[in-house]
Structure formats: structure tokens, C-alpha cells
Amino acid sequence: MTEQPMTRLTLRRPDDWHLHLRDGEMLKAVLPHSAAHFARAIIMPNLVPPVVTAEQALAYRGRIEAALPEGARFTPLMTLYLTEQTDPKDVARAHAEGIATAVKLYPAGATTNSASGVRDFDKVRGVLETMAEIGMPLCVHGEVTDPAIDIFDREAVFIDRVLKPIRRKVPDLRVVMEHVTTQDAVDYVRDSNKNLAATITTHHLIINRNHILAGGIRPHYYCLPVAKREGHRIALVEAATSGDRRFFLGTDSAPHTDANKLLPCGCAGCFTAPNTMSCLAEVFEAAGKLGQLEAFASLNGPRFYRLPPNEETITLVKGAPVTYPTQIETGVGSVTVFDPGFALHWRVEG
Ligand code: NCD
Ligand code: ZN
């Protein structure tokens, strides 16, 4: 008997281990899209001003909870934005009291709202040592900011120049390399035996740099780290669909208004919250690995963060192409939803 193609897939409810929810009107408009499919998310702290202290994280968490739609069950897991002034005691308190799950390291100037990030990595050594002691993960934006380094090489150079020295000096620090985009990062994570994992975004599994630059410039595909060559995308798909516990989903859904994307100097970020699960099912199915989607989206992340996987499930159903809005309206302007460039056949039931 030939095997029937799969048309329904039930998995434990997924989590998003890297998410930008913003604040105010934008938060209100984008949060329901994540809360519809995901149980928990690691919330990025790059607001203006950034979420630096335990007190600020607590207040921001309150604003997120207040913006949740009626009846939604969604837990924001907060992060603290690491600065050279961060107090290790405040970080330890935030962790002990369940206010913050992780700390986020932005090299100063690497991406959106990263001006208050770290310039001299030795200045944050005390915080990193405290985090290693208490087992609190560091989420790393892994790109150097040296203008002499080509933007397509910034992740690979970061591994050698910054990440390896940090991990040598603080070997017990638990690190998540966020939104990896290169074969180099995949290899580095695979070669390390402990305390290192990586998130992979939805869009980096789908686009390469041609999608941004060939046949006209497509600002909605511009994000940081910028998508690389096709060979790197293939390496990411291989890692994500392999079942390897060190790789898990962090969508990096990063909404910006169309007005801010479509400028002579437009913002970086892809907004994937509404159609991420449909996109992922399509990618995993094309790779012949639908059976590994649960590991990537629902199991590997909680394991690294030492949290139980969700008890609830979601079901993806395959059928006629899914329709979803190309844009959502927010109180501050429209935001374009990520276009994978192919039809999506899997929808989240319910
Ligand atoms: C993110 C944002 O807009 O906050 N942008 C992006 O392109 N991913 C910041 C980030 O995660 O680098
Ligand atoms: Zn991000």
C-alpha cells in the first residue's frame, strides 16, 4: 500500500524564541497574531528607550498582558537589554523573581535600536559571569559592526572575533545565537558540545539575497542579519529540519510600518507573525521533514530554556491555498505581512 500524503499534522503548541512586539498601537495590532498560534515568546527589548532593568521589563510585560485579546493564553518571556552599565545584581534579581528569562546582547549599532548596546565586551564580563552562575541564557545578535567588514560576512566574523572569546572566558554561559543566517554559524553551533544553541527565523528558511536584490529592490525582504547566498539558506533548512536539539524557532517577526520600510533608508525587519506556521509547514514538507516540525517549533526551545513543552496542541490542515492579508492595519500605519513567494496550503485549525 502506498503511503497517503499527510493532510493533518498535530503538534504541541509552538513557542517563538525571538519576537519583536514593540509597544503602544503597534503592540496592540501585532500581538494577536502571535498569541493566536504561540503559547510563549521571548520578547525582544529593543524599544525606544530600551528595556534595560528588571523594573522596566516588569512594566513592559504588564503592557503586553494588557494588550492581549480576551481569552488569549500567551506568556511573554521577557529579556533585558544588556548595556555596559547593566548591574549584575539587577539581572540576578530579575531572573530569581521570574521577571526576565534571558538577557539580550546587541553589539552597539548592529541593528534597529541598538545604539545603547555593547561596545567593549570586557565591560559586561561581570554580568555574564553572574548569568553563567545562575544559568540564565544570553541571546546574542551575532554581527560585528566594524564598517570594514562586508555586511554579508558580519556574522561569520562575529563568531571568531566576539563569540569564541566570550565563550572561552565564560565557558559556563548558556548562549543562544539568534537568527543565524550562515553555514558558518550552523557549523559553529554543531561543533560545540554544550551551552550553545541557535534560533532560525521563518524568512531565512525561505529567502536568499537574490530575493532582496535581483530584479528590483524589495524592502520587505530586508532584515538583519541580511539574508545570504542560497547555499547558506540550504544549510539553515538542513539544520532546522534535522531534529538537532540545538536549533529552534525564533521568528524574529519584526514589524515596521510600510512608511518606515519604504524610505531611502528603510528599516530592517520582516513581519512573519500571521503566516509563520503555514510557511514553516510548507518548508518542512518540501524538505520531506514534516515530522520534525514539532521538534523545531515546540520541543527544542523549551528544552534549552529548561521549561516544560506546552501541553496544548495545534493542528495544521492541508488544503486549498490559505488566504491571509498582505498588510495589517495598525494605529500608526499599515504593516506588510511577509510574502513567502509561493502558495501556502497549511493552515492552523481553529
Ligand atoms: C529587528 C527589529 O526591527 O527590531 N530587525 C530585524 O531586521 N531583524 C532587530 C533585530 O532583531 O536585528
Ligand atoms: Zn530580532
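Every number for a ligand or one of its atoms is a count from 1 in the order of the listing.
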- [ ] Let me see the working for Glu129 and Lys169 under salt bridge (Lys or Arg N to Asp or Glu O under 4.0 Å), right down to the final yes or no.
- [x] CA-CA 9 Å; Glu129 283 167 355; Lys169 289 173 192 164; over 6 Å; no
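Here the closest heavy-atom approach between residue Arg209 and residue Ala227 is recorded as CB-O, 3.3 Å. The minimum heavy-atom distance linking Thr145 with Gly109 is given by the pair CG2-C, 3.8 Å.
Within ligand 1, the atoms closer than 4.0 Å to a non-hydrogen atom of Leu224 are 6 (C), 7 (O), 8 (N), 12 (O), numbered from 1 in the order shown. Using a 4.0 Å cut-off to heavy atoms of His20, the atoms of ligand 1 that qualify are 1 (C), 2 (C), 4 (O), 9 (C), 10 (C), 11 (O). Close contacts between ligand 1 and His141 involve ligand atoms 12 (O) [criterion: under 4.0 Å to a heavy atom]. Below 4.0 Å from some heavy atom of Cys223 lie the following atoms of ligand 1, by number and element: 7 (O). Shown in contact with Thr112 at under 4.0 Å from a heavy atom are these atoms of ligand 1, numbered in order with element: 1 (C), 2 (C), 3 (O), 4 (O), 5 (N). Distances below 4.0 Å separate heavy atoms of His18 from the following atoms of ligand 1: 11 (O).
Residue contacts with ligand 1 for Asn46 involve side-chain atoms from C-beta outward but no N, CA, C or O (heavy atoms, distance under 4.0 Å). Counting heavy atoms closer than 4.0 Å to ligand 1, residue His179 contributes side-chain atoms (C-beta onward) but none from N, CA, C or O. Residue contacts with ligand 1, taken as heavy atom pairs separated by less than 4.0 Å, involve Arg22 solely via side-chain atoms from C-beta onward. Neither the backbone nor the side chain of Glu178 has a heavy atom within less than 4.0 Å of ligand 1.
A donor and an acceptor atom, one from each side chain of Gln292 and Thr241, are nowhere located under 3.5 Å apart.
The single protein non-hydrogen atom nearest to atom 8 (N) of ligand 1 is Asp252 OD2, 2.7 Å, given as residue, atom name and distance. In terms of protein heavy-atom proximity, atom 10 (C) of ligand 1 is nearest to Thr111 OG1, 3.4 Å. Nearest non-hydrogen protein atom to atom 5 (N) of ligand 1 is Ala268 O, 3.1 Å.
Look at Asp122 and Arg125 and you find a salt bridge, because one of the NZ, NE, NH1 or NH2 atoms lies within 4.0 Å of a carboxylate O, short of that distance.
Ring centers of Phe247 and Phe296: at least 6.0 Å apart, outside the cut-off. In this structure, His179 has its ring center under 6.0 Å from that of His141.
A salt bridge (Lys or Arg N to Asp or Glu O under 4.0 Å) with Glu312 is found for exactly one of Arg12, Arg73, Arg40, namely Arg73. The only member of Tyr222, Phe271, Tyr221 that meets ring-ring contact (aromatic ring centres under 6.0 Å, His included) when paired with Phe338 is Tyr221.
The name of the N, O or S atom in His20 nearest to the Zn ion (ligand 2) is NE2. Taking the N/O/S atoms of Asp252 in turn, the shortest distance to the Zn ion (ligand 2) belongs to OD1.
To the nearest 0.5 Å, the span separating CD1 on Ile328 from CG on Asp258 amounts to 10.0 Å.
Geometrically, Arg13 does not engage Phe38 in a cation-pi contact defined by less than 6.0 Å to the ring centre and at most 45° from the axis.
At least one N/O/S atom of His18, whether from backbone or side chain, sits less than 2.8 Å from the Zn ion (ligand 2). None of the N, O or S atoms belonging to Glu178 lies under 2.8 Å away from the Zn ion (ligand 2).
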